[in-house]
Amino acid sequence: QVQLAESGGGLVQAGGSLRLSCAVSGDSVTAYTMGWFRQAPGKERDFVADISWMGSSSRYADSVNDRFTISRDNAKNTVHLQMNRLKPEDTAVYYCAAKRQLPGARSWQTYDYWGQGTQVTVSS
């Protein structure tokens with residue numbers, strides 16, 4: 001059974017940076033497309049970024065493009081989300097997710113495994 005555990009969330013001022021990590025256990029991260037999603041109170045879970053199983057391709061939501069970078073360290077079975085120039089509207093719970101298929105659709109419903117989430121709060 002694959003398990004995902006996020007870390008690195010916290011409180012930061014607008015314009016600051018945070019780096020989220022997702023540690024994968026129970027299987028090799030190389031078998032999965034990995035994604036990051038976020039959910040603000042009262043809103044749906046939104047796609048943030050994903051990265052293919054070998055890290056050869058990545059995609060981003062328009063709202064975070066050029067500010068966030070997803071990467072994977074297959075040797076450490078870990079995926080990261082570097083978040084720069086953070087804005088108050090980036091405030092949300094951030095979730096790491098995995099699926100055993102090509103990136104394909106960005107919907108959260110296509111993902112099989114989820115972490116517990118980590119809170120990111122950006123103050124103005």
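Closest of all the heavy-atom pairs between Tyr111 and Ala97 is CD2-CB, 3.4 Å. Arg72 approaches Ile51 most closely through the heavy-atom pair NH1-O, 3.5 Å.
Judged by distance alone, with hydrogens and angles left aside, the side-chain atoms of Tyr113 form no donor-acceptor pair with the main-chain N or O of Cys96 at under 3.5 Å. Remark: side-chain polar atoms of Arg100 are not paired, donor with acceptor, to backbone N or O of Asp112 under 3.5 angstrom. The backbone N or O of Ile70 lies less than 3.5 Å from no partner atom in the side chain of Ser58, so there is not a single donor-acceptor pair. A donor-acceptor pair under 3.5 Å is absent between the side-chain atoms of Asp73 and the main chain of Thr78, judged by distance alone. Checking side-chain atoms of Thr33 against main-chain N and O of Ser52 turns up no donor-acceptor pair under 3.5 Å.
Follow the hydrophobic side-chain contacts under 4.5 Å out from Phe47 and you never reach Leu81; the two are in separate clusters. No path of Ile, Leu, Val, Met, Phe, Trp and Tyr side chains, each step under 4.5 Å between heavy atoms, connects Val93 with Val120, placing them in separate hydrophobic clusters. Cluster annotation: Tyr95 is not connected to Phe68 through the hydrophobic network of ILVMFWY side chains, with a link wherever side-chain heavy atoms come within less than 4.5 Å.
A heavy-atom distance below 4.5 Å is found between the side chains of Val24 and Met34. For the pair Lys99 and Asp50, the minimum side-chain heavy-atom distance is 4.5 Å or more. Two residues are said to be in side-chain contact when any heavy atoms from C-beta on lie closer than 4.5 Å; Tyr32 and Val2 meet this criterion. In this structure the side chain of Asn65 never reaches within 4.5 angstrom of the side chain of Arg67, judged on heavy atoms. In this structure the side chain of Asn77 never reaches within 4.5 angstrom of the side chain of Ser25, judged on heavy atoms.
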For residues 16-23, dump all side-chain donor-acceptor pairs below 3.5 Å to protein atoms at least two apart in sequence or in another chain.
unit_1, atom_1, unit_2, atom_2, d
Ser17, OG, Asn84, OD1, 3.0
Arg19, NH2, His80, NE2, 3.4
Ser21, OG, His80, ND1, 2.9

Quiz: residues 37-45 side-chain donor-acceptor pairs under 3.5 angstrom, not counting sequence neighbours:
unit_1, atom_1, unit_2, atom_2, d
Arg38, NH1, Asp90, OD1, 2.9
Arg38, NH1, Tyr94, OH, 2.8
Arg38, NH2, Ser63, OG, 3.4
Gln39, OE1, Arg45, NE, 3.3
Gln39, OE1, Arg45, NH2, 3.3
Gln39, NE2, Lys43, O, 3.1

Checking side-chain contact (heavy atoms from CB on, under 4.5 Å) for the pair Val29/Val79: CA distance, chi angles, key distance, verdict? CA-CA 8 Å; Val29 71; Val79 177; 4.1 Å; yes
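For Trp114, the CH2 atom sits in a packed shell: over 12 heavy atoms of surrounding residues, nucleotides or ligands are nearer than 6.0 Å.
Legend: residues meeting side chain to side chain contact (heavy atoms under 4.5 Å, CB included) with Ala105, ordered by chain and number and at least two apart, are Thr110.
From Thr69, atom OG1 reaches atom OH of Tyr60 across 4.5 Å, with rounding to the nearest 0.5 Å. If you take CH2 on Trp36 and OG1 on Thr118, they are separated by 7.5 Å, rounding to the nearest 0.5 Å.
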